Amino acid sequence: MISRRTFIPRSDLPVAAARPGSGAAGDRSPKEPETATRRDVIAAQGPDAVAMTLTVNGIARMFEAEPRVTLAEALRGALALTGTKIACNRGTCSSCTVWLDGTPIVSCMILAVDVGNRAVTTIEGLIRDGNLHPAQAAFIGHDAIQCGFCTPGMVMSCAALLDRDPRPTRDAVLAAISGHLCRCGTYPHVVAATLAASEEAKS
Ligand code: FES
Ligand code: FES
């Protein structure tokens with residue numbers, strides 16, 4: 001019968017987190033199971049800055065940051081892409097929305113070190129060949145901005161919607177921005193702008 005005591009030392013499962021100081025070669029705790037090999041141990045990182053590479057807006061960007069740094073903080077800090085806003089910093093307002101492999105996500109809820117090879121797109125990256133994304137232009141045209149703090153995140157979600165559904169319904173727009181909090185109450189203008197940017201409006 002396999003008990004927890006016999007299973008864990010023999011398991012081929014990778015260790016989820018190494019004890020501090022066990023990451024370096026030859027620096028393994030003597031209490032570590034003898035059967036554990038070096039490849040089984042995920043090296044502890046931090047608390048000091050570590051080298052990272054993120055693909056942001058189609059460009060591989062190398063920088064150093066502490067492993068505790070979120071994607072939002074890395075974008076605004078190390079990468080100086082301040083279009084992404086941090087408001088609540090706890091995943092409730094969506095102000096920090098960026099795309100990860102084309103899908104809108106809140107960037108304050110993922111560590112930069114966990115992004116890996118996935119493509120990050122920020123509000124700055126929506127501009128193509130010098131032209132604003134239709135959602136960006138429509139937000140300006142429909143005055144869908146007051147203080148502007150929620151605006152980049154709103155644009156990222158509305159642009160993603162338009163890219164996957166060029167003729168969204170009003171309900172689809174409302175669903176796309178349902179996680180976004182705007183203290184200034186720009187919602188009617190945001191919906192009008194997104195519908196105006198749709199192919200339906202242009203036909
Ligand atoms: S700042 Fe990220 S969800 Fe509010
Ligand atoms: S425009 Fe001010 S929070 Fe939305």
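Owing to the predicted nature of the structure, the values given are computational and were not obtained by experimental measurement. Order of listing sets the numbers, starting from 1, for every ligand and every atom in it.
Nearest heavy atom pair, residue Ala159 against residue Leu126, reads CB-CD1, 3.9 Å. For Leu162 against Ala135, the heavy-atom pair with the smallest separation is CD1-CB, 4.0 Å.
Partners of Ala160 by side chain to side chain contact (heavy atoms under 4.5 Å, CB included), not counting sequence neighbours, listed by chain and number: Trp99, Pro104, Arg164. Applying the side chain to side chain donor-acceptor pair (under 3.5 Å) criterion to Arg68, with sequence neighbours excluded, gives Glu66.
More than 12 heavy atoms of other residues, nucleotides or ligands shown are found within 6.0 angstrom of CZ on Arg167.
A donor-acceptor contact shorter than 3.5 Å links the side chain of Arg118 to the backbone of Asp114.
Note on atom 2 (Fe) of ligand 2: protein N, O or S atoms under 2.8 Å away count 2, no waters included.
Annotation: side chain of Phe139 is not in contact with side chain of His189 (no heavy-atom distance under 4.5 Å). When side chains are defined from C-beta on, Thr97 does not count as touching Ser107, because their heavy atoms never get closer than 4.5 Å.
Between the side chains of Asn117 and Thr55, not a single donor N or O lies within less than 3.5 Å of an accepting N or O.
Less than 2.8 Å away from atom 4 (Fe) of ligand 1, the protein contributes these N/O/S atoms: Cys88 SG, Cys93 SG.
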